[in-house]
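Chain letters run A, B, ... following the sequence lines, proteins first and then strands; every chain starts at 1.
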Amino acid sequence: MPIEDKRWTKEKEESLAKQWRTSPYPFDKKNEKPLFSVDTPPPYVNAPVHMGHVTTYIIMDMIARFKRMTGHNVLFPLGLDRNGLPIEVAAEKKFKKKLTEVPREEAIEMCKKILEESSLASVESFARAGISFNSWKIGTNPGEIYLTDSDDYRALTQGTFIDMWKKGLIYEDVRTNNYCPGCQTTIADSEIEYEDKPTIFTDIQWETDTGEKIVIGTTRPELLCSCEAVLYHPNDQRYKHLEGKNAITPIYGRKVKIMAHPLAEMDKGTGLVMMCAFGDYTDIRFFREQKLTPKIAINKDGTLNQHAGKYEGKRIYAGRKAILEDLKEAGLIVEQRQIQHRTPVCDRSKDDVEFIELPEFYVKQLEFKDTLRSIAESVSIHAEPSRQILLDWIDSIAIDWPISRRRFYATEVPVWHCTKCKEIVLPPKGKYYQPWKEKSPVPCPKCQSTDLKGEERVFDTWFDSSISPLYILQYEKDDKFFRNNIPCSLRPQGKEIVRTWLYYTLLKCFHLTNKTIFKDVWIHYHVVDDNGKKMSKSVGNIIDPQKLLDDHGAESLRLWAATEGDLSKGDIRCSDERIKGAGKTLTKLWNVARFVSSFPEGKEGNLEPLDEWILDELNTLIALANEKYAHYDFFTPALALRHFVWETFASHYLELAKNRAYNNEDLYTDEEANSARYTLHTVLSRLTRLFAPILPMVTYEIVKATENKDVHQEAFPKVERTYQPPFKTEELMETNGAIWKAKQDKGISLKAEVKKATLPKSLQVIEKDIKHTHTIGDITYGDTFAITL
RNA sequence: GGGCCCGUAGUUUAGCGGCUAUAACGUCUCGUUCACAGCGAGAAGGUCGCCAGUUCGAAUCUGGCCGGGCCCACCA
C-alpha cells in the first residue's frame, strides 16, 4: 500500500511504544535458536533514569534487535536494583529519622515504603524509547523484570554465600577497614568521596633515644598514642644517621623504631613521618607489610579509647585539641599552619572516614589474582582499550574483598552463631533468610545446641549484583538450561564500574562455576552535558530524557544515539539541537519510502546497469552492517546508512531512475521500467531491515505499509547475490553534480535542456537514464567533461 | 603524584603513513524541479593543540610540552 502521510511524526511512536509494552518480545525457554543473553545493568530505582541510561539502553536494544534478526533467541531482561544505601538515605530523608536509631523492623518498613512509591515510573523512558525487553512485568520467570531485593533473588545471593563458605572461599576476620562513625558501618572504598577541608598541620618536636631533637609534621596528633614507627626515605641524607635508633613519642614517652622506608617522601613536611594506627591508607599498608599489631585508638562511635590515655572518651576533634594544648604547654610545637586537605569522607553522612578494626566476612581474591588476570585477558572486551581498566584494578588489589556491612536494607548474611561452641551455623540454601529475626532452621552441627544467635550484618550490594548473569540464566533453578547457556553472551556496562560490577561478577562467578561467565563485555563511556561535563545530581545538570522524548521523539533520540559517536570509545555530548537534527533523516527516509511505495513492486528480471549499481552499493552496506553490528558498533554503519539514504539513493539513484520508473511518456520498455520498480522496492526492503535495529518504529511502519510484514520478525539481510556495477560511484556523482552546478550557475531550471555534453565513457551504459534526467540533446564521450547549455 | 583516554571547520566528528583532509549540524547565496520547503543546488569556513624527530612523504609513527576528561592515590 502506498504511504500517504507526508512525514514521520513523533505522534506515530506512541501507539507502537504502547504495543511493545503490552505485548513485547517474550522469552521462550524452549525456543531452539541459539541463545543470546544480555546481562543488562539494573538501574537504581531511587531516581528516574537519566539521559545516560536511556542512551546506553538504546544501544543495548539495537544489539538485542539485531540478534533477533540474525536468528537468536534473545534473553533481554530488565532488572531493578533496590538494595542498599541509596534507599536507606532516601528513607532517612523522608521520615527524618536515622535508621540506626530505630528498631530494625521499623527501619526496613521505612525503606519498603520508599520502594512502594518508586514503581516502574523510573524506567518509563525505556518504554517510550522503544526498548524491547522480554517483558514489562515484574516476576521471577526468565525475561521478566527482576528485583534484586525479591525473596527469589536474595535467596540466590544467600545460596552463593553458603556455597562459597563451604568451599572455603569466604572467611571471617578482624581487620582494619574504612569505617563511618556516623553511619556506624564499614564502608567500601567506592563509598568514599573526598572533600577539601581546612586542617591544622603541626610540626612537633620529638627526641631520639640518643637525645637528638627531630621534627615531625602531622595533621593527626591525637593518634600519637598509636604510633609504632617513624620513617624517612632511604635516599634522604638528612636522616641516614638515625637508622636503627628509636624515637620517643611526645606525651606518651614510648620508644618507636626509626626506619628507612620508601613510603616516606623527602619533600613532604620535614621528610619524617610517623606511622600510626591508623591515620591513612599508607599507615595501613605499612602495618600490614611490617606485620605490626596496631593499637587502634578510635572506637566505633568515633571516640578515643584507653590507648589514648588521658584523652580517653573524647571525640576525635576534642582529643586533637586537647593534645595540641598539652604539646604547646610542653613547648613541643615548632610550627603550626593551616592547610587545605583532601579528606576522605563518607559519601552519605560526610563524616570523616576512620580506620578501625571490626570482624567482617571476606571473599578470597588475593590468591586468585593470576587466574583473574587470565580471565581478564581472555574475555572479549569491546572496545579493547577498556580491558586495561580491569587489568590495572586486578594488579592493584591488596586485600581480600570485605562483603559484610552493618546496615539494614540489604541481603542478610545467612548465618547463625552457636552461643555454646561459637560455631558458625549455615542454613540449607534455596530459601531467603533473615537471621536477625528468625530462628535457625538447623541446630549447631557441632554441639547440637539450638541456642543460636542470628547474624545481624548484611551484604555489600556488589555481593548481590555480582550474580546477575547467574540469576538471569536460571542458575540453581534450571541446571540444564544454565549449563547449556553459559557463558552469558554479553555484559554491557559503564566503564566507571569495571572495578566493581564487572570485576566482582567475574570473581564471584569464577568461584561458583569455575568459568569465565561472559563471552563479550561491552564497556561504554558516558553521555555528558552540552558543555562536556559529567551529569550529576549535585551539579544539577542531569538531562531528563522525558523532555527530549517529548520534544523530538524516540526515533530522533535513537538515531542521535547511534550517529553522535562510538560510546565504547568516548563520551558523547548531549545536544538538544543535534537530537533535533537527527529527525531530518527520519523525514528523508520516510519520504523515500513514500516515493517507492507509489510504484508497483516490479518483478525480478533483467536489471539495467544503473539498477545493478545501486544494488551493489547496497551490498557494500549490508556487508558493513553485518560485520560492525556483530561487534556492537552501530556508529559506523549508522553514518554509512544515513549517507546512503541522503546521497547515494535519494540524490543520485532516485533522480536517475525516476523517469524510467514513471515511464509516463513511454520512453522506456516495460522491461526497463520494471527493472527500476523492482530495484526501488528491493532497496527499500533491504534498507529498512538494515535500519530496523536502530530505528525500530519508522522501519516498522514503513514495512507494514509497503510489505504488510513486521520488520522485526524478518531476517537481517545478507549479501546473497553480487552485482556488476559498470561504472564508479564517484564518476556518476561528479557528473551529476557538475551538470546541476552548471545550470545553477547560469540560473536556469534543473530541467532546462543541455544541448551537448561530453561525459565519461564509463557512463555510456546508462546513457538513457542520464539523458532523460538532465534533458541532454547530444551526448559524446571523452576524458574531459564539458556541456553546452 | 600515577595510570588510561582525548585535542581535526563555530559545534560534533571521519580518516590513523601517500590523491586538492571527511561528513553532519549551524551560517550565507540561489531555487515554489510533479517523494520530501522538516526540501533541493551551491558557497564560505581548517597552519589537523604546540615543538622537535623518524621518513622520499606525517593529521596519521616516536619523544617532549600545553590544554581537557576519567579513574586511582594523596591526612608528612
Side-chain angles (χ1 to χ4, degrees), chain A residues 2-3 6-9 189 194 197 199 201-203 215-220 223 230-233 263-276 278-283 339 341-344 352-353 355 383 385-389 391-393 395-396 495-496 498-499 525-526 528 530 532-534 560 563-566 569-573 575 577-599 635-636 639-640 642-643 646-647 650-651 654-655 658 662 664 680 736-737 739-745 747-752 775:
Chain A
I3 294 172
K6 273 201 164 185
R7 56 184 62 110
W8 175 259
T9 58
D189 290 353
Y194 292 86
K197 288 192 175 181
T199 313
F201 183 75
T202 309
D203 281 342
V215 176
I216 302 175
T218 183
T219 56
R220 299 293 303 266
L223 294 178
V230 169
L231 306 186
Y232 64 91
H233 194 272
L263 279 174
E265 286 170 48
M266 282 159 53
D267 52 356
K268 280 198 180 174
T270 60
L272 289 172
V273 55
M274 63 176 198
M275 287 289 143
C276 302
F278 290 104
D280 64 10
Y281 298 102
T282 317
D283 292 339
I339 56 165
H341 205 261
R342 287 208 77 196
T343 309
D352 285 12
V353 171
F355 306 97
S386 296
R387 186 190 306 281
Q388 202 54 42
I389 304 171
L391 288 169
D392 287 352
W393 174 245
D395 283 339
S396 70
K495 71 178 195 122
E496 80 286 1
V498 165
R499 66 197 183 95
Y525 281 62
H526 294 285
V528 295
D530 50 5
K533 294 269 177 276
K534 196 176 166 180
W560 169 83
T563 54
E564 189 66 12
D566 185 341
K569 299 206 170 109
D571 294 341
I572 61 176
R573 287 192 192 198
S575 145
E577 201 174 61
R578 298 176 67 81
I579 292 170
K580 187 180 169 199
K584 294 182 151 196
T585 300
L586 304 178
T587 307
K588 192 69 182 177
L589 179 62
W590 185 256
N591 273 295
V592 164
R594 191 160 90 93
F595 176 70
V596 173
S597 75
S598 70
F599 295 101
F635 174 65
T636 313
L639 290 178
R642 184 176 65 185
H643 186 259
W646 285 93
E647 298 297 323
S651 287
L654 288 193
E655 291 304 329
K658 219 181 237 182
Y662 281 125
N664 288 338
L680 285 169
N736 283 334
I739 297 170
W740 285 323
K741 189 175 185 320
K743 291 181 176 178
Q744 172 85 16
D745 288 347
I748 57 175
S749 160
L750 294 182
K751 288 229 135 178
T775 333

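A/F278 comes within 4.0 angstrom of no nucleic acid atom, judged by non-hydrogen atoms across all strands. At the heavy-atom level, A/A582 lies nowhere under 4.0 Å from the strands shown. Using a 4.0 Å heavy-atom distance criterion, A/T636 is classed as making no nucleic acid contact. Residue contacts for A/L272: at a heavy-atom cut-off of 4.0 Å it reaches no nucleic acid atom on any strand shown. Among the atoms of the strands shown, base atoms are found under 4.0 Å from some heavy atom of A/V353. Counting any heavy atom pair closer than 4.0 Å across all strands shown, A/T270 reaches no nucleic acid atom. Across all strands shown, A/R594 has heavy atoms under 4.0 Å from sugar-phosphate atoms exclusively, and none from any base.
When all heavy atoms of A/D203 and A/T270 are compared, the closest pair comes out as OD1-CG2, 4.4 Å.
A/W740 places its CH2 atom 14 Å from the C1' atom of B/C39, with the value rounded to the nearest Å. Rounded to whole Å, the distance from CH2 on A/W393 to C1' on B/G3 is 14 Å. One interatomic measurement links the two molecules: CZ of A/R220 to C1' of B/A76, which rounds to 14 Å at whole-angstrom precision. Computed from coordinates, the A/L639 CG to B/G15 C1' distance equals 12 Å when rounded to whole Å. Atom-to-atom, CH2 of A/W560 to C1' of B/U13 comes out at 14 Å; the value is rounded to the nearest Å. Following rounding to the nearest Å, A/L391 (CG) and B/G3 (P) show an atom-to-atom distance of 16 Å. Atom-to-atom, CD of A/E655 to P of B/C36 comes out at 11 Å; the value is rounded to the nearest Å. Whole-Å rounding puts the A/N736 CG to B/G42 P distance at 10 Å.
Place A/G583 and A/V273 on RNA chain B by their nearest nucleotides, and A/G583 ends up nearer the 5' end. Between A/D283 and A/Y525, the residue anchored closer to the 5' end of RNA chain B is A/Y525, taking for each the nucleotide with the nearest heavy atom.
Not counting sequence neighbours, the partners of A/N591 by the side-chain hydrogen bond (donor to acceptor under 3.5 Å, both in side chains) test are A/R594. Considering only residues two or more places apart in sequence or on other chains, A/F595 meets the ring pair (Phe, Tyr, Trp, His ring centres under 6.0 Å) condition with A/F599. Residues passing the side-chain hydrogen bond (donor to acceptor under 3.5 Å, both in side chains) test with A/T218: none are found, sequence neighbours excluded. Not a single ring pair (Phe, Tyr, Trp, His ring centres under 6.0 Å) links A/F635 to another residue, sequence neighbours left out. Taking the side-chain hydrogen bond (donor to acceptor under 3.5 Å, both in side chains) definition, one finds that A/W560 meets it with A/E564, sequence neighbours left out. A/S597 is linked by a side-chain hydrogen bond (donor to acceptor under 3.5 Å, both in side chains) to nothing, counting only residues two or more places apart in sequence or in another chain. Shown here are the salt bridge (charged side-chain N to carboxylate O under 4.0 Å, His left out) partners of A/R387, two or more places apart in sequence or in another chain: A/E384. Considering only residues two or more places apart in sequence or on other chains, A/W590 meets the ring pair (Phe, Tyr, Trp, His ring centres under 6.0 Å) condition with A/W8. Under the rule for a salt bridge (charged side-chain N to carboxylate O under 4.0 Å, His left out), the partners of A/E655 that lie at least two apart in sequence or sit in another chain are A/K658.
Rounded to whole Å, the separation between the P atoms of B/C66 and B/C25 comes to 38 Å. Using P as the reference atom, B/A23 and B/C6 are 24 Å apart when rounded to the nearest Å. Taking atom P in both B/A9 and B/U47, one finds a spacing of 8 Å when rounded to whole Å. To the nearest whole angstrom, the two C1' atoms, one in B/A41 and one in B/A58, are 36 Å apart. When the C1' atom is compared between B/G15 and B/G46, the two are found 15 Å apart, to the nearest whole Å. Straight-line distance between the P atoms of B/C61 and B/G69: roughly 24 Å, to the nearest whole Å. With both ends at atom P, the span from B/G18 to B/U13 equals 23 Å, rounded to whole Å. A distance of about 23 Å separates the C1' atoms of B/A43 and B/G38, rounded to the whole Å.
At a cut-off of 3.5 Å, with distance as the only test, no side-chain donor of A/S651 or A/W646 sits close to an acceptor on the other residue.
Within the structure, every side-chain polar atom (N or O) of A/T9 is placed at least 4.0 Å from both OP1 and OP2 of B/G38. Distances shorter than 4.0 Å separate some side-chain N or O of A/K588 from OP1 or OP2 on B/G40.
Listed nucleotides: B/C70, B/C71, B/C36. Nearest to the side chain of A/R499: B/C71. Among the nucleotides B/U12, B/C36, B/C70, the one closest to any side-chain atom of A/K495 is B/C70. Side chain of A/M275, nearest nucleotide from B/C36, B/A76, B/A41: B/A76.
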Check your understanding: Once Watson-Crick and G-U wobble pairs under 3.5 Å are found, how is RNA chain B written in dot-bracket notation, 5' to 3', with | for any base paired to another strand?
Key -> (((((((..(((.....[....))).(((((.......))))).....(((((..]....))))))))))))....
Pull out every protein N or O sitting under 3.5 Å from an N or O of nucleotides 23-25 of chain B, one pair per line with the distance.
none

Measure all distances between protein nitrogen or oxygen atoms and nitrogen or oxygen atoms of nucleotides 19-21 of chain B, and list the pairs falling under 3.5 Å.
none

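In this structure, OG1 in A/T202 is found 13.0 Å from CD1 in A/I216, a value given to the nearest 0.5 Å. Note that CZ of A/R220 and CE of A/M274 are 9.0 Å apart. Values are rounded to the nearest 0.5 Å.
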